[in-house]
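First up is the structure itself, then whatever we jot down about it.
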Amino acid sequence: MNDEVKCAKPECDRFTAINELARRRGFFWPSFEIYGGSGGFVTYGPLGTRLKQNIEAKLRELFVKKIGIYEMESSVIAPGKVFEASGHVDHFKEPMVECQNCRGRFRADHLLEEKADISSAEAEKMSLTEIKEEIERHGILCPDCGGKFGELQRFLTMFETTIGPYSGAVGYGRPEAAQNIFVEFNRLYTVARERLPFGVIQIGHALRNEISPRQGLIRLREFTIADLEFFFDPQEPCCHLLKEVENEVLPILLCETRLKECEDTTDLTVREALDRKIIRSEWQVFFMAMAKKLLIELGVPAEKQRFIEKLTWEKAHYSSQSFDQEVLVDRWGWIEVSGHAYRTDYDLSCHMKASGVDMSVYKEYANPVEKEELVVKPIMAKLGPVYKNEASKVAALLAKVPVQEVADAMQKQGYFMVENYEIKTDQVDISRQKTIVRGTRFIPHVVEPSFGSDRLFYVALEYAYGIKDNRVVMSFPRSIAPVQVGVYPLMSKDGLDTKASEVQRLLANEGFMVEFDETGSIGRRYARADEAGVQLGITIDYETLSDDTVTIRDRDSWQQVRCAIKDLPKQLHKYFEGKVNFEQLGSIIKS
RNA sequence: GCGGUCGUAGUCUAGUUUGGUAGGACAUCAGCUUCCCAAGCUGACGACCCGGGUUCAAAUCCCGGUGACCGCACCA
């Protein structure tokens, strides 16, 4: 093998090697190449598409199948109101100023924080004109060259469009899949038979008009996100599944450590993280433990993972507590693969307020509460003749005033003023009333694990990548291997090829992802298969013709076993379900 | 968006200084070879990022665009 071609040289890092391999073998490549390409867009080829599907299938297996999270699928474009309500239109853009002299560009709000001593929270709330005024008032100049700033601009990192042929209706490409779930909450909650807690996941494309996408699959303008919104009653925050993960160790880089400019992680079990109040929500820590498990199943060892607590100013506008899950990669060090945010009732509240639709849920008390309260009831028979057509308005105004205030005034003065209306004692009925309160309404809280599918894909590739005898071997975990079985006739003649086709059909009908390859020497085919991550190779040789047995080759160890064709389906099913290991597939052939 | 480096078959690259038929290797495909780890032999396919300019002639020089990589900024 030629080292240069395969990028196996130590100075050629894994990112380069993987991108080259990916293009050549069809895992992925930059989109629109015939028109010169466009940054931040990627096309998954046949191998990559399958691998990505398998990774997303893992998410479904872990969350949808095993813990009963619901799945939904909605549109990428949403009416402007959705993202106005969610706060994205305000927060998903950066105020920028450009120096007229050196053309340097700066975040205007960051300048205010540094030069005008305005807190980041304040700066974030300010309007464009306010920021401009503050910059002028403090006489802030370019920190690089001292030049004057030009016009203040905002760069919106959402893709904006219009819906329909007339330009009135603004729409945005969703920058996260989460909002669809919040917007559809009422229907989802009904479908979930109105019981908390419950979770909904949406796996789909999201769009962010990144200023400068780099790093291949790591930062795309169009990418696949898996947002899981888990709704629960803040009064009953306990996670009933916690026992399954409570001794799981999470290496966390804590805020307090980060502020000391130290990168050491603290190993905490799930239980400790909760007991020490480092993670506030049981569900959040549960999902963090699940995320760790997911990455392990994708081939990333535990010691190459960590969680990082986000500092106040790093958190998204909707989050009260955030952790990122990071994986160590060759080129960039630690990169984020999932984010875990405690979104509280932020999103549902925003949409309730903006839409006017009630999204609170009703909870019946275990024991109804008997409540005695003071009630002010307007006597319309008395108010009507006095105020005529204004009577109902007066009653409405009265209803807004705290009951105790009315009662006190009546007792002291014998009347009560609402705006300009004088309400007399005989016009209202003030009494203590007993009511039975059977339940209450509240807005559910949300914890959100959010996975970047493309990043999961990339780290899976990077951790599968290995060199054996100077050849590239993609050692994917067997559950995500893009091709499960390769079928090879030793020679493409003497009936070996037709026999191999039969075996291929047999396995394909059994539901396996099979590939047939009859060209080139057998060694060349094995090498090709290793590079594509084909889990097992089945070779039909001259012995097959006499006794109906084949060799099965393991991609990672290159060991071979001999197995009867009739046993293949059963044995391979067991193998891919993880119930037997390779050596148990047949009798070992000594090399 | 700024600065630097760069863009030649599927991949890696020679050629650019000094303008003159674009060369190799590997991969791929077809054939031969009883062929279990990229063997060999024969043959085939296949490229100068895009646009404009200078010139008799541009992969090469000039201008603009675009893409990649690195650094800055950005990453809610």
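Note on naming: letters A, B, ... go to the chains in the order of the sequence lines (proteins, then strands), and numbering restarts at 1 for each one.
- Pairing of B:C69, defined by two Watson-Crick or G-U wobble distances under 3.5 Å, is identified with B:G4.
- Pairing for B:A22 is absent, judged as Watson-Crick or G-U wobble with the two contacts each under 3.5 Å.
- A:Tyr463 is linked by a ring pair (Phe, Tyr, Trp, His ring centres under 6.0 Å) to nothing, counting only residues two or more places apart in sequence or in another chain.
- Nearest to the side-chain atoms of A:Glu20 among the listed nucleotides B:C12, B:C36, B:C29 stands B:C12.
- Using atom C1' as the reference point in both B:C6 and B:A39, the two lie 37 Å apart (nearest Å).
- Comparing B:G53 with B:U60, their C1' atoms are spaced 15 Å from each other, to the whole Å.
- Comparing the C1' positions of B:C48 and B:U16 gives a spacing of 11 Å, expressed to the nearest Å.
- Residue A:Asp530 is classed as having no contact, given no heavy-atom separation below 4.0 Å to the nucleic acid.
- Defined by atom type and a distance below 3.5 Å, a donor-acceptor pair is missing between the side-chain atoms of A:Trp334 and A:Asp324.
- Here A:Thr498 pairs with nothing under the side-chain contact (heavy atoms from CB on, under 4.5 Å) rule; sequence neighbours left out.
- Applying a 4.0 Å cut-off to non-hydrogen atoms, the residues of residues 544-552 of chain A that approach RNA chain B are A:Thr551, listed by residue number.
- In this structure A:Phe516 satisfies the ring pair (Phe, Tyr, Trp, His ring centres under 6.0 Å) test with no other residue, sequence neighbours excluded.
- When all heavy atoms are compared, the tightest approach of A:Ala464 to A:Phe476 is CB-CD2, 3.5 Å.
- Checked against salt bridge (charged side-chain N to carboxylate O under 4.0 Å, His left out), A:Arg219 has the following partners two or more places apart in sequence or in another chain: A:Glu210.
- The ring-ring contact (aromatic ring centres under 6.0 Å, His included) test with A:Tyr346 is passed by exactly one of A:His91, A:His317, A:His445: A:His317.
- Between B:A59 and B:G7, the distance separating the two P atoms is 15 Å to the nearest Å.
- Partners of A:Thr544 under the side-chain contact (heavy atoms from CB on, under 4.5 Å) rule, at least two apart in sequence or in another chain, are A:Lys499, A:Ile540, A:Asp541, A:Val550, A:Arg562, A:Ile565.
- Of the side-chain N and O atoms in A:Ser521, none sit less than 4.0 angstrom from OP1 or OP2 of B:A38.
- Side-chain proximity of A:Thr519 to the nucleotides B:C75, B:A30, B:U11 is greatest for B:A30.
- Not counting sequence neighbours, the partners of A:Lys81 by the side-chain contact (heavy atoms from CB on, under 4.5 Å) test are A:Glu84.
- In terms of the ring pair (Phe, Tyr, Trp, His ring centres under 6.0 Å) criterion, A:Tyr172 has no residue partners (sequence neighbours excluded).
- Considering only residues two or more places apart in sequence or on other chains, A:Tyr526 meets the ring pair (Phe, Tyr, Trp, His ring centres under 6.0 Å) condition with A:Tyr488.
- In terms of the side-chain contact (heavy atoms from CB on, under 4.5 Å) criterion, residue partners of A:Pro175 (sequence neighbours excluded) are, by chain and number, A:Phe83, A:His88, A:Phe92, A:Met158, A:Arg208.
- A:Arg525 comes within 4.0 angstrom of nothing in the nucleic acid, heavy atoms only.
- A heavy-atom distance below 4.0 Å to RNA chain B is reached by these residues of residues 486-493 of chain A, ordered by number: A:Leu490, A:Met491, A:Lys493.
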Could you run down the sub-3.5 Å N/O contacts of the protein with nucleotides 68-72 of chain B?
unit_1, atom_1, unit_2, atom_2, d
B:C69, O3', A:Arg331, NH1, 2.9
B:C70, OP1, A:Arg331, NH1, 2.1
B:C70, N4, A:Arg214, NH2, 3.3
B:G71, O6, A:Arg214, NH2, 2.9

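- No hydrogens or angles were tested; on distance alone, nothing pairs the side chain of A:Arg524 with the base of B:C37 as donor and acceptor under 3.5 Å.
- Comparing B:C75 with B:C29, their P atoms sit 47 Å apart, to the nearest whole Å.
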